[in-house]
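Bear in mind that the values here come from a model prediction, so they are computed numbers and not experimental data. Worth knowing before you read on, the calculation uses all heavy atoms, side chains too, and leaves out hydrogens, waters and symmetry mates. So that the names make sense, note that chain A is the first sequence line, chain B the second, and so on, each numbered from 1.
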Amino acid sequence: MKSMVANGVRGALTLLVFTTLFTALMAGTYAATKSIVDKNTADAERALIAQVLPAGSYDNNLLADKLTLSLADARTLGNDEPSSIYLAKHAGKETGAVVETTAPDGYAGRIKLLVGIAPDGRVLGVRVVQHKETPGLGDYIDAAKSNWSEQFTGKSLGNPKLDGWKVKKDGGAFDSNAGATISPRAVVKAVSKVLVYVSAHKAQVFGEAA
Amino acid sequence: MITQTEVRSISHNAVWKQNPTVVQILGMCPTLAMTTTLVNGTSLGLATALVMACSGGCVALLRSFVPNELRNPVFILIIAAAVTILDLAMNAYLHALYNVLGIFIPLIVTNCIVLARSEAFASKNGVAQSTLDGFMMGIGGTVVLAVLGGLREIIGKGTLFSGVDLVFGAAAKSWVLHLVPADLNYQFLFVVLPPGAFIGLGFLVAGKAALDRRADAARRRAEEAAAGGSEVQAA
């Protein structure tokens, strides 16, 4: 009976020693890599945002100059958690805003997008950031797969008119591939929602500049 | 510490005879999910090899301190720690690739081949031998993942080395080979999706078995010929 207790205690102590040792190792690695990991994450985020802005159109830290939207405002843009609008500035003057938005009605769930908008309401760029559309069918909305998303650049609420913000198949102005219109339809709708939101909140987004 | 013959027999055993993927058929989830391109397959394979070398070495080093009945929890602890450290290191130093391999790095911990080798080999052998065995087992898996990834990439997308820039930086983008001109937008969806991986793996398993059988037959024929030859000589 006594040896069983001793055995158990020894086993528990052995486990304790091993757990402490390896936890210390992992914690050490975490501490050693944390600053690099944080920098990588920020860099990746910044690079992602920069994709929808013309090169050289800003000189500020995009992650620092941002507007955090209330949950209600974020919801009108399709996001289900508070989202942000990143401001691009050149020599202190606003040159664009990057809006996070979500199209809820993709073929396979939500499509997350970044939309860059100039202070005059023109689209600077659209990028699909996250989607689960069918590879080879609906995924051409992704800039990595085709240049479909480039057709938004330069468009605005007047060009085409709001009822033209549809795919051609629905009588609108935007191209889509035959047999895969659900994904582009969702994207077009989401982009137009962003334009409507930004034009309604122009002062709030671009401040005095607009 | 470790002899040349040992190195050769451990390597041969790990890479060919007991190949984790096409002979032991272990670690199928990452095998099927991550072999969409040559670069993805190879990267995940090498990450697994690294984890297996670390965990094999650690297990062999600590095996005399581990009571027999506590073997499993301690081995799992060692493997989990090795994977966590690799995960953090990749996140820090190979961030782009880390984004691609995503959840499959932490999942190396559940790859049964890692625990299987700790239990079957590292718990009974020396540090050098166990490290080598783990690493070579990983390499054996890597070879299969690379071949499967390469095949699926060629047949499914008509390219080779796509995504190589994730490992070597943006300059490597031009290394991508387009076997089918890029502007044709060629894609064979079935091969790109998991069913293609299943069928491809089936061919590789069968191919390995066929090669073994042919080598066996050749050996037998050579033995017979040798035996026959000596009879002739004796006559």
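- More than 12 heavy-atom neighbours from other residues, nucleotides or ligands sit within 6.0 angstrom of NZ on B:Lys208.
- When every heavy atom of A:Thr14 is checked against every heavy atom of B:Pro67, the shortest pair comes out as CG2-CD, 3.7 Å.
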Handout entry: CA sep, side-chain torsions, deciding dist, call: B:Phe65, A:Val17, side-chain contact (heavy atoms from CB on, under 4.5 Å)
Key = CA-CA 11 Å; B:Phe65 305 104; A:Val17 169; over 6 Å; no
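- B:Thr84 places none of its side-chain heavy atoms less than 4.5 Å from the side chain of A:Thr29.
- Between the side chain of A:Asn40 and the backbone N or O of B:His95, no donor-acceptor pair lies under 3.5 Å.
- Contacts between A:Thr19 and chain B at a heavy-atom distance below 4.5 Å involve backbone atoms as well as side-chain atoms.
- Interatomic distance, A:Met26 CE to B:Leu77 CG, rounded to the nearest 0.5 Å: 6.0 Å.
- Within a 6.0 Å radius of CZ in A:Phe152, more than 12 heavy atoms belonging to other residues, nucleotides or ligands are found.
- Shown here is A:Arg10, whose CZ atom has no more than 12 heavy atoms of other residues, nucleotides or ligands within 6.0 Å.
- Looking at B:Leu189, only its side chain comes within 4.5 Å of chain A, counting heavy atoms on both sides.
- Within 6.0 Å of the OH atom in A:Tyr140, the count of heavy atoms belonging to other residues, nucleotides or ligands exceeds 12.
- Taking a 6.0 Å sphere around NZ of A:Lys166, one finds it holds 12 or fewer heavy atoms contributed by other residues, nucleotides or ligands.
- Within the 4.5 Å cutoff, the side chain of A:Thr33 has no heavy atoms near those of the B:Asn91 side chain.
- Of the two parts of B:Leu88, the backbone and the side chain both hold a non-hydrogen atom closer than 4.5 Å to a non-hydrogen atom of chain A.
- Atom CZ of A:Phe22 sits about 5.5 Å away from atom CG of B:Leu62, to the nearest 0.5 Å.
- No other option in B:Cys58, B:Ala92, B:Ala89 has as many heavy-atom pairs under 4.5 Å with chain A as B:Ala92.
- The contact between B:Ile78 and chain A is made by backbone and side chain atoms together, counting heavy-atom distances below 4.5 Å.
- Shown here is A:Gln130, whose CD atom has no more than 12 heavy atoms of other residues, nucleotides or ligands within 6.0 Å.
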